[in-house]
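Every value quoted in this text rests on a predicted model; they were computed, and no experiment measured them. The sequence lines fix the lettering, A, B, ..., with proteins before strands; numbering per chain opens at 1.
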2 protein chains.
Amino acid sequence: MPSTGAAIRSTAEAQRGRITAAAVRVFARTGYFATPVADVASDAGVSPAYVFRLFGSKLGLFIAATAHTYSRVADTMTQAGEQCPSPQPDDRLDAMTMAYVALIEDRNLILMQAHAQSAASVPEIRDAVQAGLGEVVRAVAVVSGAPAEAVQRFMAYGQLCHLIVQTDLGAVPASWAKSITAGIQHHP
Amino acid sequence: MPSTGAAIRSTAEAQRGRITAAAVRVFARTGYFATPVADVASDAGVSPAYVFRLFGSKLGLFIAATAHTYSRVADTMTQAGEQCPSPQPDDRLDAMTMAYVALIEDRNLILMQAHAQSAASVPEIRDAVQAGLGEVVRAVAVVSGAPAEAVQRFMAYGQLCHLIVQTDLGAVPASWAKSITAGIQHHP
DNA sequence: CGCTGTTGTAACTGACCAATCACAAACCTG
DNA sequence: CAGGTTTGTGATTGGTCAGTTACAACAGCG
């Protein structure tokens, strides 16, 4: 496709979206430091050089992927809460919990969050993660109407999901592992 | 040659211990992929070549640091539980919670765990983390005598501590952040 | 004193990778 | 179609780093 003409061009904005989606997929697998930009580029079907042109640097790319991830999570929580017929905070938190567990089916979002957190020693990434978490926590608190400590508990179990997915605890048959994963469905 | 046949402590074993301790410190700061072995070596005051000699590879070094970290955590939990005068599971879990919060004062152990988890895409690291978690969970369950779901909750809030320390949530003044950090003191 | 094993390092290598730049091809406007 | 803008790539570069090798210093032991 490079040598002889006839390439269909698209707008930069569309490519930005495609590349961000690819970045979430690829960074979710191997994290920030272990992922070459070239891997994201090839997953998105463009050249590495173009990724640098659109995002400036690897850091810029990762931050875009991080922001996109938290936005999607916050949207999912908001939707789940608003679609819940009951106005009771507990019911709405339960609906959100189920929606979050459903996110585990696609491991990308949850692993991307975990990797973003672990790269928070980079100040710009830490800022992006703080912003993203704020978005999620506010969405959960406002839409559910639950008190602070229930929201805290919700987040704690969300972090437990990260642990389970990251270390593939669902595949560990030992009884201690079962006690940690109990009640949290996780497909193989 | 000692006359009593007491075990001679080889200098190499001592260096191994020093280097493992340095590895925990340094890997806790920057994680597996972003940390050059040379950084660990210079923190331990030896040459990079010697680290490779003793640990075989960067991966071997990281796994040693990971195992050491989880062992120390498990020991801390066991001690906290056994030093608690009450035999009630809830009291003992509370004691362990306080001991774990105290670990946050020294951010090394908690950040090392977080980084080990996030590098679990490497199979050998995942295995080491699973083994370490098993050690911790068994210690908590056995010494506290608490039921599985209380142990699960204990681990969930432990993961929440990781999040708070990783992203420095204690320094975020917004109210959503306060609702997440409430009850979990954290001073740098 | 040689002989052997252990501790430790300096110097090197080969691979990988972030970022840049010059250039090409398509699109738009008059 | 002339001229300018946007989309996109191949080639390169400079730096970093995991792992190796060859060698030095030293202790124990006959």
Side-chain angles (χ1 to χ4, degrees), chain A residues 1-23 26-27 29-66 115 119 121-125, chain B residues 1-23 26-27 29-66 115 119 121-125:
Chain A
M1 88 182 132
S3 48
T4 53
I8 312 156
R9 296 196 331 180
S10 62
T11 69
E13 266 326 289
Q15 289 290 51
R16 195 182 291 269
R18 267 178 232 130
I19 294 170
T20 302
V26 179
F27 280 131
R29 288 204 108 73
T30 39
Y32 178 60
F33 296 105
T35 304
V37 172
D39 284 6
V40 176
S42 86
D43 186 276
V46 297
S47 71
Y50 192 47
V51 176
F52 280 101
R53 169 165 270 181
L54 287 185
F55 293 88
S57 66
K58 182 181 177 178
L59 183 56
L61 175 63
F62 188 80
I63 285 175
T66 301
H115 278 129
S121 55
V122 178
E124 293 91 337
I125 295 178
Chain B
M1 191 68 79
S3 52
T4 61
I8 337 155
R9 270 203 158 177
S10 91
T11 308
E13 265 328 285
Q15 288 289 52
R16 228 187 135 81
R18 268 180 233 129
I19 295 170
T20 302
V26 179
F27 280 131
R29 286 193 86 79
T30 39
Y32 178 61
F33 296 104
T35 304
V37 172
D39 284 6
V40 175
S42 87
D43 185 277
V46 297
S47 71
Y50 192 47
V51 176
F52 280 101
R53 172 99 136 230
L54 288 184
F55 293 88
S57 67
K58 181 181 178 178
L59 183 57
L61 175 63
F62 188 79
I63 285 174
T66 301
H115 279 129
S121 55
V122 178
E124 293 90 337
I125 295 178

Send over the distance from [X] [atom1] to [N] [atom2], rounded to a whole Å.
X        : N       : atom1 : atom2 : value
Lys58(B) : dA15(C) : NZ    : P     : 19 Å
Glu13(B) : dG8(C)  : CD    : P     : 12 Å
Arg16(B) : dG8(C)  : CZ    : P     : 13 Å

Practice prompt. Please tell me if the side chains of Phe55(B) and Ile63(B) come closer than 4.5 Å, counting only heavy atoms from C-beta onward.
Written response: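 Heavy-atom side-chain distance check fails, nothing below 4.5 Å.
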Discussion item. My understanding is that only residues two or more places apart in sequence, or in another chain, count here; which of them pass side-chain contact (heavy atoms from CB on, under 4.5 Å) with Phe52(B)?
Written reply: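 Once residues adjacent in sequence are excluded, the partners of Phe52(B) under the side-chain contact (heavy atoms from CB on, under 4.5 Å) criterion are Val37(B).
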For [X], what residues pass the side-chain hydrogen bond (donor to acceptor under 3.5 Å, both in side chains) criterion, not counting sequence neighbours?
X        : answer
Thr30(B) : Thr35(B)
Arg16(A) : Glu13(A)
Arg18(B) : Gln15(B)

Worksheet item: Atom CZ in Phe27(B), atom CG in Leu61(B): separation rounded to 0.5 Å?
Response: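 Reported value, rounded in 0.5 Å steps: 4.5 Å.
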Worksheet item: With sequence neighbours left out, what residues match Tyr32(B) under ring-ring contact (aromatic ring centres under 6.0 Å, His included)?
Response: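 Once residues adjacent in sequence are excluded, the partners of Tyr32(B) under the ring-ring contact (aromatic ring centres under 6.0 Å, His included) criterion are Phe62(B).
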Practice prompt. Could you list all the side chain to side chain donor-acceptor pair (under 3.5 Å) pairs where at least one residue sits in residues 37-60 of chain A, not counting sequence neighbours?
Written response: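 Residue pairs passing side chain to side chain donor-acceptor pair (under 3.5 Å), neighbours aside: Arg25(A)-Asp43(A).
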Discussion item. Can you list, in residue-number order, the parts of residues 43-53 of chain B that come under 4.0 Å of DNA chain C, counting heavy atoms only?
Written reply: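 Under 4.0 Å from DNA chain C: Val46(B), Ser47(B), Ala49(B), Tyr50(B), Arg53(B).
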Worksheet item: Do the side-chain N or O atoms of Gln15(B) get closer than 4.0 angstrom to the phosphate oxygens (OP1, OP2) of dT7(C)?
Response: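 Checking dT7(C) against Gln15(B), no side-chain N or O comes under 4.0 Å of OP1 or OP2.
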Discussion item. Quick check on the helix from dC1(C)-dG30(D) to dG30(C)-dC1(D): what's the angle between its two end axes, five base pairs per end, to the nearest 10°?
Written reply: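 Answer rounded to 10°: the end axes differ by 0°.
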